[in-house]
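Residue indices begin at 1 and follow the sequence shown.
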Amino acid sequence: MAGQAAESAPRVTITYCTQCSWLLRASWMASELLSTFGSDLASVTLVPGTGGEFTIDVDGARIWDRRSDGGFPDAAQLKRLVRDAALPDWRLGHGEQAD
């Protein structure tokens with residue numbers, strides 16, 4: 001049963017620019033997601049890229065692009081984006097505002 005849950009759990013991919021030295025930022029974001037969502041995520045994968053690329057995808061769907069979204073998301077924004085894309089019933093806790 002745990003294998004089935006892992007197979008259906010969301011997969012996050014963070015592609016970062018090696019030329020821009022954004023590995024630390026990407027790994028920090030991955031750590032934030034893993035510490036928040038834990039085993040509710042199947043994986044958080046870091047993918048080296050070039051040319052100023054910094055994108056975040058959930059199950060292949062782009063949720064953040066540094067170029068079009070204007071920079072980088074902060075931790076709270078990143079968690080909301082992942083939750084909204086993949087785990088809509090997941091509560092983020094006291095930092096989340098009521099609708």
Discussion item. Walk me through whether Thr18 and Leu23 qualify under side chain to side chain contact (heavy atoms under 4.5 Å, CB included).
Written reply: CA-CA 7 Å; Thr18 58; Leu23 172 59; over 6 Å; no

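Residues Phe37 and Leu34 fall within the same hydrophobic cluster, defined by Ile, Leu, Val, Met, Phe, Trp and Tyr side chains chained together at heavy-atom separations under 4.5 Å. In this structure, Trp28 is a member of the same hydrophobic cluster as Leu41, with clusters built from ILVMFWY side-chain heavy atoms closer than 4.5 Å.
Nearest heavy atoms, Gly51 versus Gln19: N-OE1, 2.7 Å. Across every non-hydrogen atom of Cys17 and Gly52, the tightest pair is SG-N, 3.2 Å. Annotation for Ala75 and Glu32: closest pair CB-OE1, 3.9 Å, computed over non-hydrogen atoms.
Residues Ile56 and Leu81 have side chains not in contact (no heavy-atom distance under 4.5 Å, counting atoms from C-beta outward). With a 4.5 Å cut-off on side-chain heavy atoms, Pro73 and Ile63 do not count as touching. Side-chain contact between Leu78 and Trp64: absent, with no pair of heavy atoms (C-beta onward) separated by less than 4.5 Å. Here the side chains of Trp22 and Glu53 are not in contact, with every heavy-atom distance at 4.5 Å or above. At least one side-chain heavy atom of Leu92 sits less than 4.5 Å from a side-chain heavy atom of Arg80. Within the 4.5 Å cutoff, side-chain heavy atoms of Met29 are placed close to those of Phe54.
Only one option out of Val58, Thr36, Asp40 pairs with Val82 in a side chain to side chain contact (heavy atoms under 4.5 Å, CB included); it is Val58.
Atom-to-atom distance recorded for Asp59:CG and Ser8:OG is 9.5 Å, nearest 0.5 angstrom. Rounding to the nearest 0.5 Å gives a distance of 6.5 Å between SG of Cys20 and CZ of Arg66. From Ser35, atom OG reaches atom NZ of Lys79 across 5.5 Å, with rounding to the nearest 0.5 Å.
Residues Arg62 and Asp57 are paired through a salt bridge, judged by an N-O separation under 4.0 Å between the basic side chain and the carboxylate.
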